[in-house]
Amino acid sequence: MNLLFLNPAGSPGGAERALLDVMASLAAARPGWRLGLIAAADGVLVEEARAMGVDAAVVKFPRAVSLLGDAAAGGPAGDHTNPLAVAGRVAAAAPAIASYTRALRRAIAERAPDAIHTNGFKMHVLGAWAAPRATPLIWHLHDYVRARPMMSRLLRAHAGRTAAIIANSHSVADDARRLFGGRANVLAVHNAVDLERFSPAGHALDLDRLAGLPPLGEGGVRVGLMATLARWKGHRTFLRALADLPAHSPVRGYVIGGPLYETAGSQHALEDLRGYAGALGLDGRAGFTGFVADAPAALRALDIVVHASTEPEPFGLVIAEAMACGKPVIASAAGGAGELFADGSEALSHKPGDAAELARAIARLAADRALRLRLGAAAAAAARHRFTRARLAAELIPIYERAVGAKRTRPAA
Ligand code: GLC
């Protein structure tokens, strides 16, 4: 099997981390398969793919194409750009899109893959345009399609081209089925986590130093939100919850992460969040570490991990990663995130955007070390069987084999 992955970004956000696990799990389960990757930008994704033996190349998006996106035009990031502005940018980018499609077509032809797996909205569409007609195309959805006004139309128009559509949760799969109807075969496959990196034992970061805060005293409880700065990840909800805690609370909050996507208007600026924390009176009680490369070491440094997405979370890789590190998690339980843990015994949940409820859950866990340990241990045990790469490979391999087999048995035109 010669499998080619197409990814619109070069550095790892959630979808890219998930893709690395897909490639690693296939490399381990099917060492004879040839795995290739074309990414639209340089970065850690490409480096890490190469390190695991994937034949990775960069076919760079022209700037006009990398800036395109409707995440902020009535999509999950809210109405910070209007759809007309997005349509205008698409029109202006048309020549760049056409020349990129040609470059991608050449790069695909050189590799002559048996099947193509696209990972990200732009690559689903570009892949449909650039892939040879006879090559099975598999889309891997990491986000709700119907939340994207422009993309949902484009994807619906091309869904019939796919051999299969993989969704990262049942929730995302249901959303896709509602949009695509009978046009496509949608299958839910949960992500895996690298359980060797994300494990309870190992090095922990000095978050206080990274955030420029004095060391937290004996008895202090570290509570952190680790996410990209996408607006819907709930940074403000988290900060409001911290401000809701009583003044004598032992909790110190940490915002871990930095800006990632280039799409206009879809993310917070770190400075705005600092200003917001200041206005809430959180000086000294909340810190900002900026981007952290060693995610497991950041998670290990926390006593409680908060996930606070204000929109239904498609999957919520950080929840799975924190569970794998044996951490008690308080998750915003809507969407695919609710599929990852047994509520109350493997993690706690709160209503998306409800800072008061989140504050109550933080206060409860901060006061009860035994409960933290119990939840953390149950989470680690669940993660060790739910998020393995072996499970991921076992679910994916038949999807590729069926797609390629169906093509072989189809009579030649
Ligand atoms: C996207 C989703 C996130 C998921 C990740 C990996 O980033 O928004 O929920 O964890 O993809 O599938």
Side-chain angles (χ1 to χ4, degrees), residues 5 7-25 44-45 48 69-72 75-78 117-124 138-148 151-152 155 165-176 186-194 198 225-235 257-263 266-267 295 299 305-324 329 331-341 347 349 352 383 386-387 389 391-392 395-396:
F5 296 91
N7 193 75
S11 40
E16 285 70 34
R17 295 206 312 283
L19 176 59
L20 283 167
D21 272 299
V22 166
M23 296 188 295
S25 64
V44 182
L45 170 68
E48 288 195 16
D70 57 6
H117 175 140
T118 57
N119 197 62
F121 290 142
K122 288 179 202 173
M123 277 304 189
H124 301 329
I138 295 156
W139 289 351
H140 195 167
L141 300 177
H142 293 276
D143 288 287
Y144 295 101
V145 189
R146 289 189 311 156
R148 308 292 178 100
M151 263 308 164
S152 57
L155 292 186
I165 297 179
I166 300 165
N168 59 355
S169 65
H170 296 284
S171 174
V172 168
D174 288 344
D175 172 77
V186 181
L187 304 154
V189 178
H190 282 156
N191 293 316
V193 164
D194 183 348
F198 291 91
L225 175 81
M226 186 171 83
T228 66
L229 295 187
R231 291 181 181 275
W232 59 281
K233 290 292 182 183
H235 295 84
L260 183 67
Y261 297 105
E262 281 195 80
T263 312
S266 63
Q267 57 190 344
L299 291 170
V305 177
V306 165
H307 162 270
S309 294
T310 53
E311 300 286 327
E313 177 75 55
F315 179 86
L317 211 43
V318 73
I319 300 170
E321 291 168 346
M323 288 173 68
V329 180
S332 144
E339 299 168 24
L340 307 189
F341 57 89
S349 67
R386 216 166 280 157
F387 305 126
R389 287 178 166 177
R391 189 268 306 153
L392 178 62
E395 289 190 61
L396 290 175

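Counting starts at 1 for both ligands and their atoms, in listed order.
Judged purely by atom type and a 3.5 angstrom limit, Asn191 has no side-chain atom pairing as donor or acceptor with the backbone of Asn168. The closest donor-acceptor contact from the side chain of Glu339 to the backbone of Ser169 lies at 3.5 Å or more, if one exists at all. Between the side chain of Asn7 and the backbone N or O of Glu16 there is no donor-acceptor pair closer than 3.5 Å. The closest donor-acceptor contact from the side chain of Arg389 to the backbone of Ala192 lies at 3.5 Å or more, if one exists at all.
Heavy-atom proximity to Glu313, at under 4.0 Å, picks out these atoms of ligand 1: 3 (C), 8 (O), 9 (O). Close approach of ligand 1 to Asn191 is summarised as follows: ligand atoms under 4.0 Å from at least one heavy atom of the residue are 6 (C), 12 (O). In summary, the atoms of ligand 1 found under 4.0 Å from a heavy atom of Gly316, numbered by their order in the structure, are 3 (C), 4 (C), 9 (O), 10 (O). Set against the non-hydrogen atoms of His142, the atoms of ligand 1 under 4.0 Å away are 1 (C), 2 (C), 6 (C), 8 (O), 11 (O), 12 (O).
Both the backbone and the side chain of Leu317 come within 4.0 Å of ligand 1, judged by heavy-atom distances. Looking at Val318 against ligand 1, nothing comes within 4.0 Å, counting heavy atoms.
Here the rule is ring-ring contact (aromatic ring centres under 6.0 Å, His included) with Phe315, and of His142, His190, His307 only His190 fits it. Of the options Met23, Met123, His140, a side-chain contact (heavy atoms from CB on, under 4.5 Å) to Phe5 is made by Met23 and by none of the others.
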Using the side-chain contact (heavy atoms from CB on, under 4.5 Å) rule, take Met323 and Val193 through it: C-alpha gap first, then chi angles, then the decisive distance, then the call. CA-CA 10 Å; Met323 288 173 68; Val193 164; over 6 Å; no
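Between Phe315 and ligand 1, a contact under 3.5 Å exists for at least one N or O pair. Checked against a 3.5 angstrom limit, the closest N/O atoms of Ala18 and ligand 1 fall outside it. Of the N or O atoms in Lys233, none lie within a sub-3.5 Å distance of an N or O in ligand 1. Of the polar atoms of Trp232, none of the N or O atoms is found under 3.5 Å from an N or O of ligand 1, judged by distance alone.
No side-chain heavy atom of Arg148 sits under 4.5 Å from any side-chain heavy atom of Leu155.
Look at Ala15 and you'll find a heavy atom under 4.0 Å from some atom of ligand 1.
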